[in-house]
Number of protein chains: 2
Amino acid sequence: MATPESGATLESVASAAGVSRQTVSNVLNAPERVAPETRQRVEEAIQALRYRPNRSARSLRTRMSNLIGYCVPPAAAGNLNPVLDRFVHAVTESAAQHGFHVLLFTAPAGDAGLDRYAELLAQRAVDGFVLADTVVADPRPRWLTEQSVPFVAFGRSWSGPDIGRWVDVDGAAGMTEAVEHLHALGHRRIAFIGWPEGSGVGDDRVAGYTAACRRLGLDPRIVRAEGGAGTGRALATTLLDGDDAPSALVCVSDDSAYGALRALADRGLQPGEDVAVVGFDDTPAARLPGVDLTSLSQPIEQIGREVVQMLLGLLGVVVTPPGPEHRLLRPSLVVRASSRPAGPGPAAPTEA
Amino acid sequence: MATPESGATLESVASAAGVSRQTVSNVLNAPERVAPETRQRVEEAIQALRYRPNRSARSLRTRMSNLIGYCVPPAAAGNLNPVLDRFVHAVTESAAQHGFHVLLFTAPAGDAGLDRYAELLAQRAVDGFVLADTVVADPRPRWLTEQSVPFVAFGRSWSGPDIGRWVDVDGAAGMTEAVEHLHALGHRRIAFIGWPEGSGVGDDRVAGYTAACRRLGLDPRIVRAEGGAGTGRALATTLLDGDDAPSALVCVSDDSAYGALRALADRGLQPGEDVAVVGFDDTPAARLPGVDLTSLSQPIEQIGREVVQMLLGLLGVVVTPPGPEHRLLRPSLVVRASSRPAGPGPAAPTEA
DNA sequence: ATCCCATCTTTGAACGATCAAACGCACGCT
DNA sequence: AGCGTGCGTTTGATCGTTCAAAGATGGGAT
């Protein structure tokens with residue numbers, strides 16, 4: 001008996017336990033209001049009937065969907081993917097600990113995409129948003145703030161005043177650490193392979209490089225171009241073939257760094273031995289044998305947790321100490337063969 | 001006037017248009033029942049008030065959440081990520097065209113994870129599931145079928161009888177094409193770098209290799225080991241250093257292939273010139289300059305569309321011709337430098 | 001003995017949509 | 001004139017939950 005039908009409701013649990021709807025509801029939402037023995041009887045009935053509150057009904061009444069909207073970035077942006085993948089995972093996991101789930105949707109970039117956000121809000125399909133892939137002049141933070149919609153971004157609002165709450169990686173600090181690392185290894189001619197000015201993320205990273213050079217008394221040397229590995233290769237080639245070729249290359253991204261590694265291979269130079277290379281993002285390919293790229297790893301899981309924490313704070317789901325509106329987390333330098341002479345140290349078994 | 005308050009309801013639209021609730025509802029769900037002039041009046045009111053039906057209320061009444069559950073695979077499975085990333089995007093986009101969204105959740109692998117699925121069902125939080133990352137002895141297809149829960153898998157149910165609906169990539173056909181491609185280039189000693197037996201996906205792929213060898217009168221030569229690039233490198237090394245070294249390597253995955261490429265580089269061999277290498281998955285790194293790996297590309301976007309189509313068919317949302325329960329799609333071979341002599345042909349500009 | 005109060009529990013009314021059935025009305029047929 | 005028919009519209013009930021307020025119960029304090 002007590003078939004665990006899928007159709008258990010508050011009412012059916014109530015009659016099974018010999019109490020009223022509201023008492024069952026209280027057992028779930030405010031247990032302290034219910035007498036201990038009643039509570040136990042109700043809990044047993046809940047178990048027996050495998051009761052779970054219907055989410056739609058609850059949402060309708062409470063005006064909370066317990067869903068967080070996340071826009072999956074336009075297909076095949078290419079380079080950022082592995083990072084965002086981990087981010088989504090982290091957000092999903094953190095959200096689950098508070099009974100929240102992530103609702104995915106797609107939207108075109110720029111103003112055209114705002115409609116999708118508006119639609120979800122009007123339908124009360126989500127309680128708030130997690131933003132990723134924020135770019136310069138991204139319309140979303142301002143718009144969401146104007147509509148007083150709860151949201152937290154992974155990535156600063158790069159243009160204009162700092163809008164809304166965000167968590168981000170301190171790219172500048174990371175690059176500074178990279179330069180210091182290379183300097184400690186004895187490198188004195190350290191060049192930077194970057195993106196064109198105006199990209200936010202790229203400017204942040206190059207700033208850290210420049211600052212470190214200043215502090216260490218090195219001459220900053222920066223080359224820039226749009227793109228990934230292809231252009232990284234071209235830029236590195238120019239540097240290596242020019243006068244006063246650098247002994248170390250700091251790259252704005254792993255993708256550029258892969259290009260740089262290729263440029264080294266083109267001319268028979270050994271990464272880490274002849275020229276050191278450092279990337280940014282610690283993408284999966286960086287640890288491939290034969291690549292072994294030193295790179296700055298972003299604390300993605302922590303970022304996901306903090307983003308969710310902030311958002312649930314805005315939603316009043318968790319009580320957070322009135323912390324700062326922003327969090328800037330340091331990436332950590334993962335040193336691999338591309339910036340380490342092969343000679344000293346044990347032959348580290350490269351991980352698959 | 002007519003402030004576009006966020007609180008527009010069916011009732012408020014109705015009174016604005018001078019009709020009843022139900023008529024407004026009909027305009028949205030069954031326009032043909034409403035007289036044209038009435039319809040227009042109602043549509044104007046909807047526009048003016050920016051009305052969108054409340055999803056919770058609708059779900060409560062219709063017992064459909066219009067959400068599709070998708071379990072984000074346990075963190076950092078590593079190799080499959082870029083593929084699944086595209087898959088999620090495709091599913092999200094296809095679902096959106098029918099008013100559906102994707103709900104993300106996490107679950108431990110194996111039986112332990114089934115609770116999470118059960119929970120979502122009991123809450124009526126989702127209407128069905130999209131499965132990915134199905135493995136041998138995956139408990140989910142059977143369990144979901146027993147509960148008569150609508151679901152479609154990306155990936156066959158590898159063990160036992162074929163359970164439920166799925167869409168998958170014909171790995172065997174892909175590998176056959178790879179072998180034929182190499183054969184056409186003149187290769188006669190083609191070896192296969194694979195995974196240990198029993199992995200489903202791996203067995204499928206090696207079967208295609210073996211079949212092609214038979215048909216072409218070649219001696220199949222198969223080496224196997226668990227893992228990715230690291231083991232790929234080791235296996236390739238053994239092959240290249242042994243007697244009767246192969247002139248071409250077909251690898252069960254891009255990751256293995258990266259290891260094989262490394263093994264070539266270790267001994268100064270030129271991919272495509274001295275030894276050809278083919279991978280599987282067409283991961284982003286395959287097109288990096290300096291990698292340029294020939295690989296089998298899965299039609300992920302199409303798979304996503306078909307999965308959604310099937311699932312919405314099961315849910316009765318779209319009427320599908322009573323098609324087959326399974327779809328097997330062919331991957332396409334993307335030929336790059338690793339299986340093509342550099343000599344002939346224009347110097348293809350490698351894409352960033 | 002009376003009253004008040006705290007504790008625990010129940011009752012009615014929402015939340016915003018859809019389903020099912022009833023209603024009004026003009027039309028054509030007998 | 002009377003009647004069935006079909007179309008367009010409205011009405012009441014319902015989905016399952018939580019909110020707000022009211023009811024029961026027992027135990028001190030006066």
Side-chain angles (χ1 to χ4, degrees), chain A residues 5-43 45-46 49-67 99 120-125 127 316-317, chain B residues 5-43 45-46 49-67 99 120-125 127 316-317:
Chain A
E5 309 255 337
S6 71
T9 80
L10 215 45
E11 200 85 49
S12 68
V13 173
S15 77
V19 295
S20 72
R21 267 183 334 220
Q22 186 63 33
T23 299
V24 181
S25 176
N26 284 338
V27 168
L28 294 168
N29 301 316
E32 74 283 359
R33 284 194 206 154
V34 182
E37 51 191 38
T38 312
R39 189 193 312 175
Q40 180 167 358
R41 198 153 29 100
V42 171
E43 275 165 353
I46 289 176
L49 297 177
R50 296 223 202 302
Y51 168 74
R52 295 287 159 194
N54 180 305
R55 259 185 133 93
S56 305
R58 175 176 275 180
S59 297
L60 176 59
R61 191 59 178 104
T62 62
R63 299 164 160 283
M64 287 223 102
S65 65
N66 282 26
L67 289 175
L120 288 170
L121 290 167
Q123 299 179 138
R124 292 190 167 283
D127 298 328
V317 175
Chain B
E5 309 255 338
S6 72
T9 82
L10 214 44
E11 200 87 48
S12 68
V13 173
S15 78
V19 293
S20 72
R21 267 179 339 214
Q22 186 62 34
T23 299
V24 181
S25 176
N26 285 338
V27 169
L28 294 169
N29 301 317
E32 74 282 359
R33 285 193 205 156
V34 182
E37 50 192 38
T38 313
R39 190 192 313 174
Q40 180 167 357
R41 197 150 34 96
V42 171
E43 275 164 353
I46 289 176
L49 297 177
R50 296 224 201 304
Y51 169 74
R52 294 289 158 193
N54 180 306
R55 257 184 134 94
S56 304
R58 176 177 272 182
S59 297
L60 176 60
R61 190 60 177 104
T62 63
R63 299 165 157 284
M64 287 224 103
S65 65
N66 282 26
L67 290 174
L120 289 169
L121 290 167
Q123 298 178 140
R124 292 191 166 284
D127 297 329
V317 176

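Remember, predicted model here, so these are calculated numbers, not experimental data.
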Under 4.0 Å between a side-chain N/O of [X] and OP1 or OP2 of [N], yes or no?
X     : N      : answer
A/T23 : C/dT10 : yes
A/T62 : D/dT17 : no
A/N29 : D/dT18 : yes
B/R63 : C/dT18 : no
A/T38 : C/dT9  : yes
A/R58 : D/dT18 : yes

Rounding to a whole Å, what distance do you find between [X]:[atom1] and [N]:[atom2]?
X     : N      : atom1 : atom2 : answer
A/N26 : D/dT18 : CG    : C1'   : 9 Å
A/M64 : C/dC15 : CE    : C1'   : 15 Å
B/E32 : D/dG6  : CD    : P     : 17 Å
B/Q22 : C/dA20 : CD    : P     : 11 Å
B/R55 : C/dC15 : CZ    : P     : 22 Å
B/R39 : D/dC7  : CZ    : P     : 15 Å
B/R61 : C/dA14 : CZ    : P     : 19 Å
A/N66 : D/dT18 : CG    : P     : 11 Å

Sorted by number, residues from residues 9-20 of chain A placing a heavy atom under 4.0 Å from DNA chain D are A/T9, A/L10
Can you give me the closest heavy-atom contact between A/L60 and B/A57, atom names plus distance?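 Scanning both residues completely, I find the closest heavy atoms to be CD1-CB, 3.7 Å.
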**Asked** Heavy-atom count around B/R52 CZ within 6.0 Å, excluding the residue itself: above 12?
**Response**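 Counting neighbours around CZ of B/R52, 12 or fewer heavy atoms of other residues, nucleotides or ligands fall under 6.0 Å, so no.
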Taking C-beta and beyond as the side chain, do [X] and [Y] meet within less than 4.5 Å on heavy atoms?
X      : Y      : value
A/V34  : A/V42  : no
A/D127 : A/V317 : no
A/R39  : A/P31  : yes
B/N54  : B/T9   : no

Side-chain atoms of B/N54 come closest, of D/dT18, C/dG16, D/dT9, to C/dG16
Sequence neighbours excluded, the answer for salt bridge (charged side-chain N to carboxylate O under 4.0 Å, His left out) partners of B/R58 is none
